[in-house]
Amino acid sequence: MNATLTALAEPNRLRIVELLRDRPRPVGEIAKRLRLRQPQVSKHLRVLSDAGLVDVRPVAQQRIYELRSEPFDELDTWLETFRRSMTDRMDRLEELVSERKAKKERERDHGH
């Protein structure tokens, strides 16, 4: 997963991944859409491919890049641990607030 995070940390690579989220695209189209030079996009795509984030397939004279789902599934699983932790913390906070509210109501009812 470190390779995934490292590859996505570069802003242009992240933009490429976001563009590929919609559909597979050839390198020329990616370069044009992101207003980058084609050799620059090719270097970023090589890094993304080495990190396992994209696959490439030839179609006629073009090389079509598309996202692979496995690294994103792994990233989602990792992020889920943070979501679960935050949910547990919020649940504990909600319990604490409810307990304090109930205590104040009991004190008010008994004239304290």
Side-chain angles (χ1 to χ4, degrees):
M1 191 177 64
N2 283 341
T4 298
L5 293 174
T6 300
L8 294 175
E10 203 286 324
N12 285 323
R13 288 196 289 266
L14 184 61
R15 292 172 59 208
I16 290 170
V17 166
E18 290 172 343
L19 190 60
L20 292 174
R21 175 180 48 204
D22 299 335
R23 62 179 173 82
R25 297 175 192 268
V27 64
E29 182 182 333
I30 296 168
K32 185 176 178 181
R33 294 281 307 260
L34 298 180
R35 297 179 182 184
L36 298 171
R37 292 180 306 120
Q38 191 162 328
Q40 186 181 10
V41 171
S42 293
K43 285 182 181 179
H44 288 309
L45 286 167
R46 189 171 27 255
V47 172
L48 292 170
S49 178
D50 290 347
L53 288 161
V54 297
D55 275 335
V56 60
R57 62 184 156 84
V59 175
Q61 300 298 320
Q62 294 183 319
R63 296 170 56 88
I64 306 296
Y65 288 87
E66 60 188 343
L67 294 178
R68 297 183 65 232
S69 65
E70 295 86 356
F72 295 98
D73 293 342
E74 184 181 3
L75 189 59
D76 187 53
T77 299
W78 182 72
L79 290 172
E80 179 58 29
T81 64
F82 292 93
R83 284 192 288 267
R84 220 175 309 128
S85 174
M86 294 303 293
T87 299
D88 290 346
R89 287 180 184 185
M90 292 306 292
D91 288 347
R92 285 196 303 268
L93 178 62
E94 190 174 304
E95 287 174 17
L96 181 63
V97 168
S98 292
E99 287 172 12
R100 289 187 179 224
K101 184 177 177 182
K103 182 180 176 184
K104 282 187 175 187
E105 288 175 0
R106 281 193 307 271
E107 288 174 354
R108 187 186 61 222
D109 292 345
H110 291 94
H112 295 280

Any non-hydrogen side-chain atom of [X] less than 4.5 Å from a side-chain atom of [Y]?
X	Y	result
Leu45	Val27	yes
Leu34	Val41	no
Arg84	Thr81	yes

Taking atom [atom1] of [X] and atom [atom2] of [Y], what is their separation to the nearest 0.5 Å?
X	Y	atom1	atom2	value
Asp50	Arg46	CG	CZ	8.0 Å
Asp109	Arg106	CG	CZ	9.5 Å
Thr4	Trp78	OG1	CH2	11.0 Å
Ile30	Asn12	CD1	CG	12.0 Å
Leu53	Glu70	CG	CD	10.5 Å
Arg15	Arg35	CZ	CZ	9.5 Å

Are [Y] and [X] connected in a single hydrophobic cluster, I mean Ile/Leu/Val/Met/Phe/Trp/Tyr linked by side-chain heavy atoms less than 4.5 Å apart?
X	Y	answer
Phe72	Val47	no
Leu14	Leu79	yes
Leu20	Ile64	no

Can you tell whether the side chains of Glu10 and Lys43 come within less than 4.0 Å, N to carboxylate O?
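Here Glu10 does not pair with Lys43 in a salt bridge, since their nearest N and O are not under 4.0 Å apart.
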
Determine whether Glu80 and Arg83 satisfy the following criterion, side chain to side chain contact (heavy atoms under 4.5 Å, CB included), listing intermediate values before the conclusion.
CA-CA 5 Å; Glu80 179 58 29; Arg83 284 192 288 267; 2.9 Å; yes

Quick check against the 3.5 Å criterion: does [X] have a side-chain atom that pairs as donor or acceptor with the backbone of [Y]?
X	Y	result
Arg25	Leu19	yes
Ser42	Gln38	yes
Ser98	Glu94	yes

Run Leu75 and Met1 through side chain to side chain contact (heavy atoms under 4.5 Å, CB included) and show every step you take.
CA-CA 7 Å; Leu75 189 59; Met1 191 177 64; 4.1 Å; yes

Which pair of non-hydrogen atoms, one from Ala7 and one from Arg13, has the smallest distance, and what is that distance?
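So the minimum-distance heavy-atom pair works out to O-NE, 2.9 Å.
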
Answer yes or no: are there more than 12 heavy-atom neighbours, outside Arg63 itself, under 6.0 Å from its atom CZ?
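Counting other residues, nucleotides and ligands, CZ of Arg63 stays at 12 neighbours or fewer.
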
For Val17 and Leu8, run side chain to side chain contact (heavy atoms under 4.5 Å, CB included): C-alpha distance rounded to whole Å, both residues' side-chain angles, the deciding distance at 0.1 Å, then the answer.
CA-CA 8 Å; Val17 166; Leu8 294 175; 3.7 Å; yes

